[in-house]
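Read the numbers this way: they start at 1 and go in the same order the structure lists the ligands and their atoms. For the numbers below, each heavy atom of this structure counts, side chains included, while hydrogens, waters and symmetry mates do not. Counting from 1, the numbers follow the sequence of the chain as shown.
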Amino acid sequence: MRILLLFGLVAVALADVTRFDGEQVLRLKPIFDEHVTLIKDLAQSIEIDFWSPESAELVTIDIDVDIRVPALYQDMVHTMLLQSNIQHEVLIDDLQAAVEDQADNKASPRTHSYTKYNSWDKVQSWIASISSSNPSLISRQVIGKTYEGRSMTLLKLGKKSSSAKPAIFMDCGIHAREWISPAFCQWFVKEALSTYGKDSQMTSLLDQMDVYVLPVFNIDGYDYTHKSNRMWRKTRSRRSGSSCVGADPNRNWNAGWCTIGASSSPCSDTFCGYKPESEIEVKNVADFIRRNKSAIKAYITIHSYSQLLLFPYSYTYDLAAHHSELLKIAQGASAALRRLYGTRYTSGPGAATIYPAAGGSDDWAYDLGVKYSFTFELRDTGRYGFLLPESQIKPTCEETMLAVKYIAAYVQKNLY
Ligand code: DDK
Ligand code: ZN
Ligand code: ZN
């Protein structure tokens, strides 16, 4: 009986996991308007998961379009691409194998590791232990709960001070499947703690400023990518009237909300939500930043993939009031990053550099008055995409540290 029950549970657990057998990730290179039309039509007729850009509406001429194609439509899509002369290559031939290969060793360790993609449970206990490890440098506070009721814990790094300090706010894991992002926030916290008192820049940064780090923004989604569907992007909120789950937490901010590069359809991966801040996770973070508006001098948000360092605006092609200063900082940060392993980043305003996309956190923070506002799109450029191997966590985090520290140093220098 007990055995039967156990088998029953295992079967239920297995049935709940999305597999990707026979699925490929393709890179299409549309060079004519007809190609763009064909790709959009295809997206209307079959279920395609857009990896980059992140939805069909964002497809334009002369950009690479990375898509995940369900096994069932593989032949059909290949035939269509050949007939219409759309240049393409196979980025990932066997997605299920790639998902399984992503972890270095199959038996995942029970403990937290900075060079692994940690499950939410592991990140959560890491948050608890690291925040009590060094009370003079790190503290934590809960800024609210996620839709599914998980606590959103914000870490505050910085030497305790009696007077109010200026601060930098950084979040990771807005999008669930971009696993390298939470890995970076964890790395950053570790590095900050272990280099304080040794590295003069880190010491001076934490003496003079506080750095708020939100290790996983979209916890429900992140947990879902570990347990059920590796390719999930959105939150996990539900609403009566639609069977589709979640909204895009990087289209849900009150910045040109849902005017461009976002979808009002609840089933889309770039669904903007029912109203600005309809997603409780977005509201919690927005409330925190609003409350601490006078202290917060910089906002940094970490995504993947594409190797970009973006700044406002994404909701309009208009240049930000501080465009040239932000461009200069982004280029300096990219150059610093590149010095370590030669990784090339492109920097520029979101709309012109990647695609127009309204309702993003960086635009919102900037319009609120946080002048130094940046979005990172970390490694790679599509070889592995969201399935960046664990062996790349360390080099990716090391090089990204240099860019983030460059921005922090600039902000610190220009405080008063
Ligand atoms: O949210 C997106 O689609 C990407 C990261 Se996956 C960033 C888009 C540019 C910054 C949005 N303001
Ligand atoms: Zn993202
Ligand atoms: Zn991305």
Side-chain angles (χ1 to χ4, degrees), residues 49-60 63-66 68 170-185 214 216-218 221-222 225 231-235 246-263 268-273 276 279 281-282 285-286 299-320 326 330 345-368 370 372-382 385-388 400:
D49 172 18
F50 283 79
W51 280 27
S52 175
E54 318 255 354
S55 73
E57 301 94 76
L58 301 169
V59 172
T60 55
I63 61 162
D64 288 353
V65 179
D66 301 350
R68 171 167 70 92
M170 177 166 74
D171 61 53
C172 291
I174 281 191
H175 290 134
R177 63 189 175 183
E178 299 164 10
W179 282 8
I180 187 62
S181 167
F184 175 70
C185 269
L214 183 61
V216 185
F217 184 115
N218 176 9
Y222 186 70
T225 59
M231 295 308 151
W232 191 256
R233 166 176 164 96
K234 299 188 285 181
T235 61
D248 184 340
N250 210 26
R251 299 292 183 279
N252 191 236
W253 301 70
N254 199 3
W257 181 74
C258 221
T259 51
I260 189 167
S263 170
S268 164
D269 248 350
T270 52
F271 175 45
C272 57
E279 302 315 287
E281 298 82 1
V282 172
V285 173
Y299 171 80
I300 297 173
T301 182
I302 310 287
H303 292 253
S304 74
Y305 61 93
S306 290
Q307 296 175 195
L308 304 171
L309 181 40
L310 307 169
F311 52 85
Y313 284 110
S314 291
Y315 70 76
T316 170
Y317 284 100
D318 291 352
L319 297 186
L326 294 172
Y345 269 59
T346 305
S347 36
T353 310
I354 174 168
Y355 37 67
S361 60
D362 53 356
D363 285 359
W364 175 83
Y366 182 77
D367 281 349
L368 185 75
V370 182
Y372 303 111
S373 180
F374 296 94
T375 296
F376 279 80
E377 285 259 63
L378 302 186
R379 287 194 198 182
D380 57 10
T381 54
F386 304 117
L387 300 175
L388 193 72
T400 308

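- Side-chain contact check for Pro53 versus Ile354: every heavy-atom pair is 4.5 Å or farther apart.
- Taking the N/O/S atoms of His303 in turn, the shortest distance to the Zn ion (ligand 2) belongs to ND1.
- Using a 4.5 Å heavy-atom threshold, the side chains of Asp269 and Arg251 count as separate.
- Side-chain contact between Leu326 and Phe374: present, with at least one pair of heavy atoms (C-beta onward) separated by less than 4.5 Å.
- Listed by atom number, the atoms of ligand 1 under 4.0 Å from His303 heavy atoms are 5 (C), 6 (Se).
- Ligand-side atoms of ligand 1 in range of Glu54: 3 (O), 6 (Se), range being under 4.0 angstrom from any heavy atom.
- Among the atoms of Glu54, no N, O or S atom is found under 2.8 Å from the Zn ion (ligand 2).
- Residue contact check: Gly360 has heavy atoms under 4.0 Å from atoms 12 (N) of ligand 1.
- The shortest N or O to N or O distance between Asn250 and ligand 1 is below 3.5 Å.
- Considering only heavy atoms from C-beta on, Arg233 stays 4.5 Å or farther from Asn218 through its side chain.
- Using a 4.5 Å heavy-atom threshold, the side chains of Tyr317 and Pro356 count as touching.
- A centroid separation of 6.0 Å or more is found between the aromatic rings of Tyr372 and Phe311.
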(request) Apply side chain to side chain donor-acceptor pair (under 3.5 Å) to Thr270 and Glu54, showing your working. (result) CA-CA 7 Å; Thr270 52; Glu54 318 255 354; over 6 Å; no
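- Under the 30°/60° scheme for interplanar angles, the aromatic rings of Tyr305 and Trp51 are found to stand perpendicular.
- Of all the listed residues (Gly350, Ser314, Pro312), Ser314 holds the heavy atom that lies closest to atom 10 (C) of ligand 1.
- Between Gln307 and Thr346 the shortest side-chain heavy-atom distance does not fall below 4.5 Å.
- Considering both main-chain and side-chain atoms, Tyr355 comes within under 3.5 Å of ligand 1 through a nitrogen or oxygen pair.
- Atoms of ligand 1 lying under 4.0 Å from at least one heavy atom of Leu310, given by number and element, are 9 (C).
- Residue contact check: Arg233 has heavy atoms under 4.0 Å from atoms 1 (O), 2 (C), 3 (O), 6 (Se) of ligand 1.
- The nearest N/O/S atom of His175 to the Zn ion (ligand 2) is ND1.
- Geometrically, ligand 1 and Asp362 share a nitrogen or oxygen pair separated by less than 3.5 Å.
- Between Arg251 and ligand 1, an N or O atom pair is found at a separation short of 3.5 Å.
- Proximity of Thr270 to ligand 1, defined as any heavy-atom pair under 4.0 Å, is not found for any part of the residue.
- At a threshold of 4.5 Å between non-hydrogen side-chain atoms, the residues Ser361 and Ile174 count as touching.
- Proximity of Arg177 to ligand 1, defined as any heavy-atom pair under 4.0 Å, is not found for any part of the residue.
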